[in-house]
Amino acid sequence: MFALIDCNNFYASCERAFQPKLKKRPVVVLSNNDGCVIARSNEAKALGIPMGAPAFEYKDIFERENIFVCSSNYALYGDMSNRVMTMLSEYSPEIEIYSIDEAFLKLTGFEDHFDLYEYGKDMRHKVTKGTGIPISIGFAETKALAKVANKIAKKFPDRTGSVHVIDNEEKRIKALKWTKIGDVWGVGRQHCKRLEAINVLTAYDFTQLKDEWIQRHMSIVGLRLKRELEGISCMDIEDVKDKQNIATTRSFDSNYKEYGFISERVSTFAATCAEKLRKQRSCCNALMVFIHTNGHRKDLEQYSRNTVIKLPYPSNSSIELSKFAVIALKKIFKEGLYYKKAGVIVMDFTPENVTQTSLFSNANPKHPPLMKVMDSINRGIGCTKLKLASQDIKRTWKMRQEKLSPRYTTRIDEVIKVNAI
DNA sequence: TCTGGGGTCCTAGGACCC
DNA sequence: TCTGGGGTCCTAGGACCC
């Protein structure tokens, strides 16, 4: 058996955990730059605030409905996620942290000795008590079915107690008939459209399709999904793997046309990518830089380019990657345009300790120890104090975050205060 | 005025190898 | 007139996830 544990409205719940006055109040969390809605409490969902709603368009509704609006606080969400995952890992030795707010547990042999429903209730109680985050839990024989069970638990908290177990044929069929095709894990917008067009409206309908059709239109991935929904497990718990690509990309708070601004951003993004690379002990052999203008401004000239450059040697040095990123930027930067977004993506990794030396140019041997010192100093202070000269040393650049909550759990000076009356 | 930021996997087709 | 059979690697594009 597998369990899928999912935190309810995770970011909104994190904010609530430290502000009990928000208990019944609708809460939304905004993306970077306070751009659009990326998380909603149930009350906010009930008011019809859609996922991705642009904040400026919904400003009046936020006010009228007394919705509590927060900027995103990733330091807080990341730490809260760790706490939840740590508690969950006590319920099975085999855990896969699937995303910041979701985890699969594999429960081999548990079925014979435990009442899974009670096990789930216990998990839910302990996590909610220990972290303040409400969770929903689905149990089933495959990961895809556990996803389905989880959705049912979440949809009917009163009837299920937010825990649902699919452990027999009758429940499986009933669950599949209830699940809309577009809500199935692995069926996105395109597949949904195509499936609905041939009158496949539920997960059950999908399992009745011929293998050939699924294979032709949805590849082996679709076929695997069918098996999983039939109760034949094809996907196991996966170990944490190193990333194959690492990206640092941002939209800017407004439109910028100066080359100097863009090159500073790109240089910083590259340095951040280098830091992430060092964290997983990889070097990259290639790097991509992209820039776009604001696609929403139809009145302005549009431009969007990216370029990939191969490095002469693998590197994870902030200095080198910044240098190469700026070289790449020069190839695509066009004067006179208003840019809204840029990013750096590093690719084609090799392990840090395997160095393939090149005939003509090699990495500077002084960089690895230098980076090590830089990382350890920055880690020690808990922020990026040591930067390259090409980065914004005066910190002129700032993300718009007007409603940022304190980093309650990771900064001593922002820790929650309790007033004794 | 203002619209997020990360990732993964699969397939087809072309270039190339013996 | 008729022109083999087996691979690999790379890239672009399309789909999906949170």
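Each chain gets a letter, A, B and so on, in the order the sequences are listed, and its residues count up from 1.
Nucleic acid contact class of Asn255(A) (heavy atoms, under 4.0 Å, all strands): sugar-phosphate only. Backbone-only contact: Asp101(A) has heavy atoms under 4.0 Å from sugar-phosphate atoms and none from a base.
Judged purely by distance below 3.5 Å, without hydrogens or angles, the side chains of Ser92(A) and Glu94(A) never pair a donor atom with an acceptor atom. Looking only at atom types and distance, the side chain of Ser219(A) has no donor-acceptor partner in the side chain of Gln215(A) under 3.5 Å away.
Judged by the 6.0 Å distance and 45° axis criteria, Lys143(A) is positioned over the aromatic ring of Phe104(A).
Relative to the side chain of Ser31(A), the nucleotides dG4(B), dC2(B), dG5(B) differ in distance, and dG4(B) lies closest. Comparing dC2(B), dG4(B), dC18(C) by their nearest atom to the side chain of Cys36(A) picks out dG4(B). With distances taken from any side-chain atom of Gln190(A) to the nucleotides dG4(B), dA15(C), dG7(B), the minimum falls on dA15(C). The side chain of His191(A) sits closest to dA15(C) out of dG7(B), dC2(B), dA15(C).
Here the P atom of nucleotide dC18(C) and the OH atom of Tyr98(A) are 5 Å apart, to the nearest Å. Residue Ile38(A) contributes atom CD1, which lies 20 Å from atom P of dC2(B) at whole-angstrom precision. With rounding to whole Å, Ile246(A) atom CD1 is found 14 Å from dG5(B) atom C1'. To the nearest angstrom, P of dG5(B) lies 12 Å from CZ of Arg265(A). Between Asp242(A) atom CG and dG7(B) atom P the separation is 12 Å, expressed in whole Å. Between the CD atom of Glu102(A) and the C1' atom of dG6(B) there is a distance of 15 Å, given to the nearest Å. Following rounding to the nearest Å, Arg250(A) (CZ) and dC2(B) (P) show an atom-to-atom distance of 19 Å. Atoms CG (Asn32(A)) and P (dC18(C)) sit 20 Å apart, rounded to a whole Å.
Side-chain nitrogen and oxygen atoms of Lys147(A) include none within less than 4.0 Å of the OP1 or OP2 phosphate oxygen of dC16(C). Checking the phosphate oxygens (OP1, OP2) of dG6(B), no side-chain nitrogen or oxygen of Thr248(A) falls inside 4.0 Å. Regarding contacts with the backbone of dG4(B), every side-chain N or O of Thr249(A) stays at 4.0 angstrom or more from both OP1 and OP2.
Within residues 66-96 of chain A, no residue has any heavy atom closer than 4.0 Å to DNA chain B. Near DNA chain B, defined here as any heavy-atom distance below 4.0 Å, the residues from residues 212-240 of chain A are Ser219(A), Ile220(A), Val221(A), Arg224(A), listed numerically. Applying a 4.0 Å cut-off to non-hydrogen atoms, none of the residues of residues 315-329 of chain A approaches DNA chain C. A heavy-atom distance below 4.0 Å to DNA chain B is reached by these residues of residues 293-300 of chain A, ordered by number: Asn294(A), His296(A), Arg297(A).
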How does DNA chain C look in dot-bracket notation if pairs are Watson-Crick or G-U with both distances under 3.5 Å, crossing ones as [ ], other-strand ones as |?
....||||||||||||||
Polar atom pairs between nucleotides 8-10 of chain C and protein, under 3.5 Å, N or O only, would you list them?
none

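The six-membered or imidazole ring of Phe333(A) lies away from that of Tyr303(A), with a centre-to-centre distance of 6.0 Å or more. In this structure, Trp213(A) has its ring center at least 6.0 angstrom away from the ring center of Phe206(A). Aromatic rings of Tyr256(A) and Tyr339(A) (six-membered ring for Trp) have centroids beyond the 6.0 Å cut-off, not under it. Note: Tyr91(A) and Tyr119(A) meet the aromatic proximity criterion, with ring centroids under 6.0 Å apart.
How far CG of Leu321(A) is from CG of Leu277(A): 6.5 Å, rounded to the nearest 0.5 Å.
Applying the salt bridge (charged side-chain N to carboxylate O under 4.0 Å, His left out) test between Asp375(A) and each of Lys279(A), Arg278(A), Lys276(A), Arg281(A) identifies Arg278(A) as the sole match.
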